[in-house]
K.L.:
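Structure below; questions to follow.
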There are 2 protein chains.
Amino acid sequence: MSTLPGPGRRRGPSKGDRRERAILETACTLLARKPLADITIDELAAGADISRSSFYFYFDSKLAVVVALLHGLTGELGRDSGPWLDGSGPDEAALRRSLTALAVLWRDQGRLISGALAAAPGCPPLAEWRAGLRAAHVDRLAARISRDRAAGLAPDGPEPRVLAGLVDDLRTAAFAAAADPEALVDDLVTVELRMLYGDFRIPHPIR
Amino acid sequence: MSTLPGPGRRRGPSKGDRRERAILETACTLLARKPLADITIDELAAGADISRSSFYFYFDSKLAVVVALLHGLTGELGRDSGPWLDGSGPDEAALRRSLTALAVLWRDQGRLISGALAAAPGCPPLAEWRAGLRAAHVDRLAARISRDRAAGLAPDGPEPRVLAGLVDDLRTAAFAAAADPEALVDDLVTVELRMLYGDFRIPHPIR
DNA sequence: TCATGGAATCGACACTACGTCGAAAAAATC
DNA sequence: GATTTTTTCGACGTAGTGTCGATTCCATGA
């Protein structure tokens, strides 16, 4: 997007920017067809009409491309989660909006995201990206849990940060496994609300 | 364990069985030190005192070794889950026993299991193994959910199979991410019970 | 006791993918 | 149009995988 001196790139802005863009776009195109692990640097280079060794002028590795792609995604990843994470109480609508945005992202970029997650152990920059995302979510959700508990809106239970971590794990695993992430939103809404607010041990007048 | 003509193996039982065993044991030893992805066939062969090409006499690939290792594990994986899965209602103790057994397995064999999960897409036998495990759990848990709902013991909610799938996803993701799986058991017990029994919308006399 | 055939071993080879280097071509700059 | 910077590429070296055919080992039974 901007004219930053990308990781593998020397300096200054110029013609080669088109090539860099072409590599990124090739990566996207290929990711629409097959998983990240099946994409080789040859293909990326070929897609941008350069030789394989020229690829290395633009990026240090395949994963550097992934990092760049992810960079353009980090804004989207928290999209619409503000009202939910900054709110309080079982605000079903806000949670649904947050999860819907996330589901759309998984629908459109699932291969990229799950490829990145799979490569994260063994690739520090990706591990850092993943950890950052998770921390951002867990921090805010844990704070929300604490607020709700203090206000008597949520039952006691696991440490807020642990519980928030479990919610994050569940989201990621569920979306990664789902063929159609959007079809999962309603159920995830129900389940997350239960995880946070459903204390089955309280007076138990079910049915 | 038994004297089956393993996948990559030609025929008959004999001396080379010791070698086969040695390869398996080497794999275990190495897995205790580093992730599956970092283990090479050279190392496995060296650990069993044979040349790299001799390795292929015993196994077709590194993943075939993993499959063999997993084979000896499948019994353990459902260990102690009977009382929980065949029972009914929020039987916290039974669930805890089931999860404890699973946590121990993840503690001891975490590298093997997560390595197998990571390699599953792209390796049919492993994908099948994973799918089989998941299906076994989901089937029984979904049946349990249906029973409980029919008996008025659990609130309505997501399709039983979907909900069961989410529970399975959560377990796997949580244990895979946890440094100390056993420390997670209590919280997972709480959370799973909430997922299944906690309908936060019912008369809500929290606190 | 020794031939024979299957079990087991290995070296050499071919292949794929990765990443580096230095030299050359193309563009931009003055 | 000379110089400097950007961009390109072919050649090379590496690591890991998997295959093949030749060879050695060894138990068996004639």
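Every chain is numbered from 1 and lettered A, B, ... according to where its sequence line falls, protein lines coming before strand lines.
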K.L.:
Just how far, in rounded Å, is C1' of C:dA7 from CZ of B:R18?
P.N.:
13 Å

K.L.:
Do you see a donor-acceptor pair shorter than 3.5 Å between the side chains of B:S51 and B:S54?
P.N.:
yes

K.L.:
Can you find a side chain N or O atom of A:S51 that sits less than 4.0 Å from OP1 or OP2 on D:dC9?
P.N.:
yes

K.L.:
Answer yes or no: does a side-chain N or O of B:S54 lie under 4.0 Å from OP1 or OP2 of C:dA8?
P.N.:
no

K.L.:
If you check every side-chain atom of B:Y58, which of C:dG19, D:dT8, C:dT9 has the closest atom?
P.N.:
C:dT9

K.L.:
If you check the B:S53 side chain, which of C:dG19, D:dC20, D:dG10 turns out closest?
P.N.:
D:dC20

K.L.:
Run the salt-bridge test on B:R97 and B:D80 with the 4.0 Å N-O cut-off and return the result as yes or no.
P.N.:
no

K.L.:
Kindly point out which of C:dC18, C:dA8, D:dC9 is positioned nearest to the side chain of A:D42?
P.N.:
C:dC18

K.L.:
Do the side chain of B:R52 and the base of D:dG16 come within less than 3.5 angstrom through a donor-acceptor pair of N or O atoms?
P.N.:
no

K.L.:
What's the CD1-P distance between B:I23 and C:dA8, to the nearest Å?
P.N.:
11 Å

K.L.:
Check every atom of C:dT20, C:dG19, C:dA17 against the side chain of A:T40 and return the nucleotide holding the closest atom.
P.N.:
C:dA17

K.L.:
Where the side chain of A:F57 is defined as all heavy atoms beyond and including C-beta, which of C:dT9, C:dA12, D:dT6 is the nearest nucleotide?
P.N.:
D:dT6

K.L.:
Without decimals, in angstroms, what is the distance between A:D49 CG and D:dT7 P?
P.N.:
16 Å

K.L.:
Taking only side-chain N and O atoms of A:R19, does any of them lie within less than 4.0 angstrom of OP1 or OP2 on D:dT8?
P.N.:
yes

K.L.:
Identify whether the distance between the nearest side-chain nitrogen and carboxylate oxygen of B:D148 and B:R144 falls below 4.0 Å.
P.N.:
yes

K.L.:
Working note: B:R33 + B:D38, criterion salt bridge (Lys or Arg N to Asp or Glu O under 4.0 Å); need CA distance, chi angles, decisive distance, verdict.
P.N.:
CA-CA 10 Å; B:R33 281 205 287 105; B:D38 292 0; over 6 Å; no

